[in-house]
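Report on the following structure.
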Amino acid sequence: MTEHSPTSIAFTAPHSAATEAGTKILQQGGTAIEAMVAAAATIAVVYPHMNGLGGDGFWLISEPGKKPIAIDASGVAANGATTEFYQGHDAIPSRGGKAALTMAGAVSGWDKALQISHTWSSNNSKDNLPEDSLSLSALLSDAISHARGGIEVTQSLEDASKKTHSDLSDLLGFETFLNQGNVLKKGTILGLSKLGDTLEALSQRGLQDFYHGEIAASLAADLEHAGSPIQLEDFAQYSAQIVTPLEVRTQAGTLYNLPAPTQGIASLIILALYDQLRSQVETDVDSVHLLIEATKQAFIARNQYVTDSSRLDIDLSSLLSEESLDAMLKQISNEAAQPWPHVAKQGDTIWMGACDAQGRMVSYIQSLYWEFGSGIVSPSTGIVWNNRGSSFTLEEGSLQQLAPKLKPFHTLNPAFAELSDGRRMSYGTMGGEGQPQTQAALFSRYVYHSKSLSQAISEGRWLLGRTWGDQSHNLKLESDIANEMGDALKARGHDLVTVPACNELMGHAGAVVCHADGTTSAATDPRSDGRADASRCE
């Protein structure tokens, strides 16, 4: 973690190349949004199993003194994605062409965010910068360079390659992510020249080409060939949307997250409950136990209500009311754990945070859902398509029942907080079911228990439920925290297992803090390949 004097900038990402791309834009006087687009494009290249142009994104954007705004850049089901299309299937396939059934929203989200950034540009001092320094070409240059020059395979990418080889190796275009048919090996170089060409085309023709131009036509043809219900009209009809974040006021400050179809409400409920439960905390065991019990209440509410916004039968904000939170608090005991039979949600993604020299901040998340998404790689563009639509169900009457133009449930939820002491905080993580839990661990350690930002992220964590394709629903503890409190948690009734310390299973967390005096702090997760930068903007 680093700290510097006023007019500081900061960036954090789970891959060092993305941090480098974002920081470079900030150092050139670019906005937090411009830096995030540069990093988002770069991490789509260097962490291709986690996220990509064929996936989704969610933004939380904060200007000092103003309410944060959000961008929902998640895709809707194709017009042809009907229950009849899946006739003969017991469930929507998780991999392959039929799993590629929702539009990719990430690139439209970049475009929508840059439109907001352009309204800020008149407030920036860029007199000493080249005229084209923050053009789209400049923002995508690092991503293009990495794609064409080749990326070094990380341990995370090798592990994903091993895990998915049997399921994905025969799918359309997936040879892109094979080494002569075999799994990728850490330290080798993987060229992604086709993706580099696509990024170059976007930089020249504009991001809308993804939905209305040659790239859209190529993607539509490739997806049709793979057996996807997505057609060209689905591209033309899509646009990311500005939405109002959910918020809750606590003793620590005001917390923000994304509305439906994300699980942002769960993240807010956990911390709103803990805000009232922390008076019972005398030991670290109390803290972890109460956060876990708050998580159970939040997930019960999430599973009962969260769906496409058009299907909501309540205002999700009502779950954050005093009456609603009091009812949940009555279900929580500091002495005993409630049983946990509920179905968990899985998923992979990346989270990144930024703060520019004007104190504008971004909390951003981008995802394909499972590793390599649907496994379909567009041969003409090099783009991996998501499988987020597999969160739908074919079950009649379900909140998640598949229907055209609706959005599936999303685990994605970037977080932001305006603290009572003047600090502003962008934070988040990847990890499906673990996202709200890791956010709660990070936030509570840093804000309530006064640990450093790096400590709050690096210390041992836990996961209730499953993620990354795991099938068990018990409580998983990293070995360092299990050695410290495993027996005490078992004594309170938790069904737990121990996993190795510093485990990628627990997600890749990060945070950026802008302090009241203008200094910034940033930290990243040792479980990732990331880097956090905070420096004075000269």
[Y] versus [X], side-chain donor and acceptor atoms under 3.5 Å:
X: Y47; Y: T154; result: no
X: S62; Y: R424; result: yes
X: H449; Y: S444; result: no
X: R492; Y: S333; result: no
X: S8; Y: T519; result: no
X: T23; Y: D533; result: yes
X: Y369; Y: S391; result: yes
X: T164; Y: W370; result: no
X: N413; Y: N257; result: yes
X: S156; Y: H49; result: yes
X: Q366; Y: W110; result: yes
X: Y446; Y: Q455; result: no

> CG of D487: more than 12 outside heavy atoms within 6.0 angstrom?
Replying inline: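 Counting other residues, nucleotides and ligands, CG of D487 stays at 12 neighbours or fewer.
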> What do the steps show when you test W462 against L475 for side-chain contact (heavy atoms from CB on, under 4.5 Å), and what is the final call?
Replying inline: CA-CA 7 Å; W462 61 91; L475 177 65; 4.1 Å; yes
How about [X] and [Y]: do any of their side-chain heavy atoms sit closer than 4.5 Å?
X: I151; Y: L157; result: yes
X: V362; Y: L60; result: no
X: S317; Y: L246; result: yes
X: F416; Y: P245; result: no
X: N474; Y: L496; result: no
X: D56; Y: S367; result: no
X: L268; Y: L319; result: no
X: L258; Y: L412; result: no

>> Quick check on side-chain hydrogen bond (donor to acceptor under 3.5 Å, both in side chains): which of D529, D525, T524 does R527 satisfy it with?
In response: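 The option that passes is D525.
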> Do you know which of D72, T262, D308 makes side-chain hydrogen bond (donor to acceptor under 3.5 Å, both in side chains) with K407?
Replying inline: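 Considering D72, T262, D308, a side-chain hydrogen bond (donor to acceptor under 3.5 Å, both in side chains) with K407 is found only for D72.
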> For the residue pair F58 and Y364, is the inter-centroid distance of their aromatic rings smaller than 6.0 Å?
Replying inline: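 Not close enough - the centres of the two rings lie 6.0 Å or further apart.
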> Do H508 and H15 have ring centres separated by under 6.0 Å?
Replying inline: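 Ring-ring flag for H508/H15: false, centres at least 6.0 Å apart.
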Keeping the roles fixed (side chain from [X], backbone from [Y]), state whether a donor-acceptor pair exists under 3.5 Å.
X: S141; Y: A138; result: yes
X: T307; Y: L399; result: yes
X: Q358; Y: T31; result: no
X: S454; Y: A523; result: no
X: T250; Y: A272; result: no
X: E63; Y: R360; result: no
X: D286; Y: V281; result: no
X: S108; Y: A240; result: yes
X: N386; Y: G54; result: yes
X: Q338; Y: Q331; result: yes

> Any idea which heavy atoms bring L271 and Y427 closest together, and the distance?
Replying inline: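 Here L271 and Y427 meet closest at CD1-OH, 3.7 Å.
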> Can you name the closest pair of heavy atoms from A266 and A298 and give their distance?
Replying inline: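 For A266 versus A298, the nearest heavy atoms are O-CB, 3.5 Å.
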>> My understanding is that only residues two or more places apart in sequence, or in another chain, count here; which of them pass salt bridge (Lys or Arg N to Asp or Glu O under 4.0 Å) with K185?
In response: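 Salt bridge (Lys or Arg N to Asp or Glu O under 4.0 Å) check on K185 returns nothing, list empty.
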> Should R423 and E418 count as an ion pair when the cut-off is N to O under 4.0 Å?
Replying inline: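 Looking at R423 and E418, the cut-off is not met.
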> Is a salt bridge present between K24 and E20, judged by a nitrogen-to-oxygen distance below 4.0 Å?
Replying inline: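 Looking at K24 and E20, the cut-off is not met.
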>> I'd like to know whether T498 forms a side chain to side chain donor-acceptor pair (under 3.5 Å) with S479, so could you lay out the CA-CA distance, the side-chain angles of the two residues, the decisive distance to 0.1 Å, and finally the verdict.
In response: CA-CA 6 Å; T498 301; S479 59; over 6 Å; no
Atom pair [atom1]/[atom2] of [X] and [Y] - distance to nearest 0.5 Å:
X: R445; Y: S450; atom1: CZ; atom2: OG; value: 14.0 Å
X: I292; Y: L464; atom1: CD1; atom2: CG; value: 7.0 Å
X: I457; Y: L453; atom1: CD1; atom2: CG; value: 5.0 Å
X: I332; Y: Q280; atom1: CD1; atom2: CD; value: 8.5 Å

>> Using the rule given for side chain to side chain donor-acceptor pair (under 3.5 Å), can you reason through S363 versus W351, listing the C-alpha separation, both sets of side-chain angles and the distance that settles it, and then say yes or no?
In response: CA-CA 8 Å; S363 181; W351 176 89; 2.8 Å; yes
>> Check whether F299 forms a cation-pi arrangement with R302 (NZ or CZ under 6.0 Å from the six-membered ring centre, at most 45° off the ring normal).
In response: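 Here R302 passes the 6.0 Å and 45° test against F299.
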> When you look at N387 and F372, which way does the side-chain contact (heavy atoms from CB on, under 4.5 Å) test go after all the steps?
Replying inline: CA-CA 9 Å; N387 67 331; F372 297 111; over 6 Å; no
> Can D275 and Y448 be said to form a side chain to side chain donor-acceptor pair (under 3.5 Å), step by step?
Replying inline: CA-CA 8 Å; D275 188 66; Y448 292 127; 2.5 Å; yes
> Can you pull the ring-ring contact (aromatic ring centres under 6.0 Å, His included) pairs that have at least one residue in residues 20-42, sequence neighbours excluded?
Replying inline: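 Residue pairs passing ring-ring contact (aromatic ring centres under 6.0 Å, His included), neighbours aside: none found.
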>> One pair to check against side-chain contact (heavy atoms from CB on, under 4.5 Å): E322 and D326. What are the steps and the verdict?
In response: CA-CA 6 Å; E322 183 177 350; D326 283 347; 3.6 Å; yes
